[in-house]
Amino acid sequence: MTTTTLAPAVSVEGLTKRYGKFTAVDNVSFHVESNKIYGLLGRNGAGKTTIMQLLTGQQFATSGEISVFGDYPAENARVLQQICFIKEAQKYPDTFKVKHVLASAPWFFENWDADFADRLVDDFRLPMKRDVKKVSRGQLSAIGVIVGLASRAPLTFFDEPYLGLDAVARQTFYDRLLEDFAEHPRTVILSTHLIDEVSNLLEHVLVIDEGRIIIDQDAEELRGSASTVVGKATDVDAFVAGRDVLHREGIGGLASVTVSGLSAAERRTAADAGLELAPVSLQQLIVRKTSGSGAAAQSDWSESA
Amino acid sequence: MIEEGKPIFVQIAEQIENDIIDGAIEEETQVPSTNEFAVFYRINPATAGKGVNRLVEDGILYKKRGIGMFVAAGARARLVTNRTEEFAASFVRPLLDEAAKLGIAPNQVAAMIQSAASADTTNQKETVTS
């Protein structure tokens, strides 16, 4: 199942979106392979939502090419029928009760599974008879999650789907997503800044920072692609000299430096030099790469080599 | 259950190996499906599949078409042999490194191991008699 070669669900070439002088998406190119769970990660304002709006035909690109299931998505019924986009703040008609949202969903999603939706309503303890404008923030998010899962759309976007959801409800979402994805593979793009919570669910990671894709990599390759070396500052600096340093912290005579890619032999060398190696989580790695790493790398260690 | 900084598929493969070594999964019995592993460990199914495939490549598991994955005959003995070889590198060596750091000589380490082992057997006898 890992090697099925399907046409990419999404292809983007040189995509740019400007709002006046502000460039939200800056000459971005990437592919999304079918039937994988992607993480679209990045800080607030990095351009995640704009990219999803462009891919779902809700915004027009300033320049560049977009292909979703082989076609340009905007005003294209064949493409849009296959997409479910769960937004952070979805608006529903004022007169709707919760049950009306779920009753109308099958009009838009041909793969809608009503039984699955019912089970999810129980899981999230959703009050079906309440007016949609009166439900709590967390319940509103739960509605979005339920629609996103039960629609089984070939391409599903979840844009920060869990504002107001507590830890239990978020775990329920992750569990149901995995179970259902295993039974009904489809392309899922999960946009979030809760990276630690979702990192194990992802097969591929796209990280966007200031409108540009800075990481486009298999999640497993990314995991373990960096290590933090801790020890006496002089020893640490000697070991990391000439390496790609992502981050450096020091206190007194001690230093903690995050570097990318260490082989087994290099790990051994570090251990022999009395240095400690600590793993770097996906979240830490992304924080390192998106928090103005240029400045950090240049700060105090610059020419210790 | 899943640690940071180590590829998850490696951890899944090791977990299945551990279950085979300690007898939780016997030879010639079926192991859970990739999807079951994915849901249980809360990981991506493709990642779980990668871990299982690694064991298929190593000849620890084999595929019965249309049925699922099974533990190969002789898998346990082979895993124990492999792990024994790794034991020196992953346990003995760090033990000696730490001992050297503290100024404990190798023969002292050996004595400590001996006394810890005999304490263990004494404890076991006590629990049996009590």
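A note on names: the letters A, B, ... follow the listed sequences, proteins ahead of strands, and every chain is numbered from 1.
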Participant: By side-chain hydrogen bond (donor to acceptor under 3.5 Å, both in side chains), which residues pair with B:D97, not counting sequence neighbours?
Facilitator: B:R93
Participant: Considering non-hydrogen atoms only, spot the tightest contact between B:P7 and A:E220 and give its length.
Facilitator: C-OE1, 3.6 Å
Participant: With ring centroids as reference points, do A:F158 and A:F173 lie under 6.0 angstrom apart?
Facilitator: yes
Participant: Can you tell me which of A:Q171, A:Q284, A:E221 forms the most heavy-atom pairs within a distance under 4.5 Å of chain B?
Facilitator: A:Q171
Participant: What is the distance from atom CZ of A:R248 to atom OG of A:S256, rounded to the nearest 0.5 Å?
Facilitator: 9.0 Å
Participant: For A:L285, is it the side chain, the backbone, both, or neither that has a heavy atom closer than 4.5 Å to a heavy atom of chain B?
Facilitator: neither
Participant: Does any heavy atom of chain B fall under 4.5 Å from the side chain of A:L202, the backbone, both, or neither of them?
Facilitator: backbone
